[in-house]
Every structure is written in structure tokens, then in C-alpha cells.
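All of these numbers come straight from a predicted model, not from anything done at the bench.
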Amino acid sequence: MTETPQQPTTALTEDEQKTVRSAALRAGALVAQAEPGFLDTFKESFAATKAVKAASPEVQKLVTGGLPEMPSGGKDEVNARTLELLKQAVGILRQKAPQLVEEYRQVVLQSAKDVAAAADDTSQKETAAVGEIERALAG
């Protein structure tokens, strides 16, 4: 009898799914907050979804559906928690869905880059935020 591989979302507990989803969604917010602007916020929120829409159905399921962990605290605390969530998400996927780790990283990083580029130009603060996200996803 052949075993059917578990779907990535069923291999993860509800808390693990929330961590993976929260990390992905908050990464774009981290970049958006690096250089806030009222009109830019609209452009950035649309830009953040572009990479997700281009992802495989498995990765789309990982990053959508359900509420993410809501940020709390000051900007530094929120940023630190977001980076920690990204590290945790990659760790979870390495253990439970290793076949999706690389695509998850690419989608989250591309989403962050899309947010940074959504306004007319990418600021140094946005570039730095993308770099922080990239390091968190690597580790």
C-alpha cells in the first residue's frame, strides 16, 4: 500500500500554520513601515499580494486563510517579533514540509521586495528592511 503524502497545511498544527502565515504577512508590513506614507500604503498592500498570487497552491495555502498574529508593542518590538516569526516559520517548514521551504522563502522575499518597490522609489530604510527579512529567512 502506498502512503499518500500529507498536504503541507495538514502536516502543520494550527499554531504552526498561524506562525507561517503571520511571518509572511508581517514581512511586507515590516517593509511598509520602514518608510510610511499614506498613499504608498495602498500601493504596497496590493504589491504584497502579487508574489503570493504567483506561488504554487501549496504555498498560497500556507500564507493565506485565517488571521495572522497581530503586532503589538513599539516599532522595534514589532520588527523583532516579525523577524523571529520568519525564522520560526522556516524552521517549522524544514521539519514538516521541507519541499516548500525554498519557495516559501522566495515568495516572502519577493513580496517584501514588491512592497519596497511599490512607491516611486525604494528608500534606504526599505532596502535595509528587505535585507533583514532575507537574513531571517536564511536562518
Side-chain angles (χ1 to χ4, degrees):
M1 186 169 164
T2 310
E3 282 189 39
T4 306
Q6 276 190 309
Q7 291 297 317
T9 53
T10 59
L12 277 59
T13 67
E14 195 172 309
D15 284 343
E16 290 168 335
Q17 288 178 35
K18 186 174 184 176
T19 297
V20 170
R21 180 176 53 251
S22 296
L25 295 173
R26 287 177 58 163
L30 189 147
V31 175
Q33 290 303 311
E35 196 71 43
F38 180 72
L39 293 177
D40 292 342
T41 301
F42 295 109
K43 294 177 192 176
E44 291 166 345
S45 62
F46 287 113
T49 63
K50 190 168 58 170
V52 174
K53 288 178 182 176
S56 69
E58 293 84 6
V59 170
Q60 285 183 16
K61 286 179 188 176
L62 287 173
V63 300
T64 60
L67 294 173
E69 177 184 305
M70 299 309 289
S72 64
K75 182 180 177 183
D76 290 342
E77 292 170 309
V78 169
N79 289 353
R81 178 62 181 150
T82 299
L83 297 172
E84 180 58 32
L85 283 169
L86 287 164
K87 291 174 188 173
Q88 288 176 6
V90 170
I92 289 166
L93 292 176
R94 276 190 187 129
Q95 290 181 348
K96 304 258 181 127
Q99 73 280 12
L100 297 179
V101 171
E102 194 53 40
E103 184 183 3
Y104 176 82
R105 283 180 178 154
Q106 290 173 0
V107 167
V108 172
L109 186 59
Q110 187 58 54
S111 181
K113 288 177 179 180
D114 290 347
V115 168
D120 294 332
D121 57 348
T122 302
S123 74
Q124 289 181 338
K125 289 179 182 179
E126 290 169 326
T127 300
V130 170
E132 289 180 27
I133 290 166
E134 190 167 19
R135 285 187 293 282
L137 289 168

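One finds the CD atom of Gln124 at 11.0 Å from the CD atom of Glu126 (value rounded to the nearest 0.5 Å). Leu30 CG to Lys75 NZ: the interatomic distance, rounded to the nearest 0.5 Å, is 8.5 Å. Here Gln88 contributes atom CD and Asp15 contributes atom CG; the two are 10.5 Å apart, rounded to the nearest 0.5 Å. Distance CD/Glu16 to NZ/Lys96: 3.5 Å, rounded to 0.5 Å.
Closest of all the heavy-atom pairs between Ala51 and Ser111 is CB-N, 3.7 Å.
Of the residues Val20, Leu93, Val108, Leu100, the one that meets the side-chain contact (heavy atoms from CB on, under 4.5 Å) test with Val59 is Leu100.
Qualifying side chain to side chain contact (heavy atoms under 4.5 Å, CB included) partners for Thr127, counting only residues two or more places apart in sequence or in other chains: Thr122. Residues satisfying the side chain to side chain contact (heavy atoms under 4.5 Å, CB included) criterion with Val63, sequence neighbours excluded, are Ala24, Val52, Tyr104. Thr64 meets the side chain to side chain donor-acceptor pair (under 3.5 Å) test with no other residue; sequence neighbours excluded. In terms of the side chain to side chain donor-acceptor pair (under 3.5 Å) criterion, residue partners of Gln110 (sequence neighbours excluded) are, by chain and number, Asp114.
Under the 4.5 Å side-chain criterion, counting only non-hydrogen atoms from C-beta, Leu25 is in contact with Arg21. In this structure the side chain of Val107 never reaches within 4.5 angstrom of the side chain of Leu62, judged on heavy atoms. A heavy-atom distance below 4.5 Å is not found between the side chains of Thr13 and Ile92.
Residue pairs meeting the salt bridge (Lys or Arg N to Asp or Glu O under 4.0 Å) criterion with at least one member in residues 83-94, sequence neighbours excluded, do not occur.
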Side-chain polar contacts of residues 66-74 - donor-acceptor pairs under 3.5 angstrom, sequence neighbours left out - could you list them?
from, atom 1, to, atom 2, distance (Å)
Glu69, OE1, Arg81, NH2, 2.8
Glu69, OE2, Arg26, NH1, 3.2
Glu69, OE2, Arg81, NE, 2.8

Show me, pair by pair, the donor-acceptor contacts under 3.5 angstrom made by side chains of residues 131-139, not counting sequence neighbours?
from, atom 1, to, atom 2, distance (Å)
Arg135, NH1, Gly131, O, 3.3

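Criterion: ILVMFWY side-chain heavy atoms under 4.5 Å apart, direct or through other members. Under it, Val78 and Val130 are not part of a common hydrophobic cluster. Hydrophobic clustering (ILVMFWY, side-chain heavy atoms < 4.5 Å, transitive): Leu12 and Leu85 are in distinct clusters.
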For salt bridge (charged side-chain N to carboxylate O under 4.0 Å, His left out), just list the numbers for Lys61 and Glu58, CA-CA rounded to whole Å, side-chain angles, deciding distance to a tenth of an Å, and then say yes or no. CA-CA 5 Å; Lys61 286 179 188 176; Glu58 293 84 6; over 6 Å; no

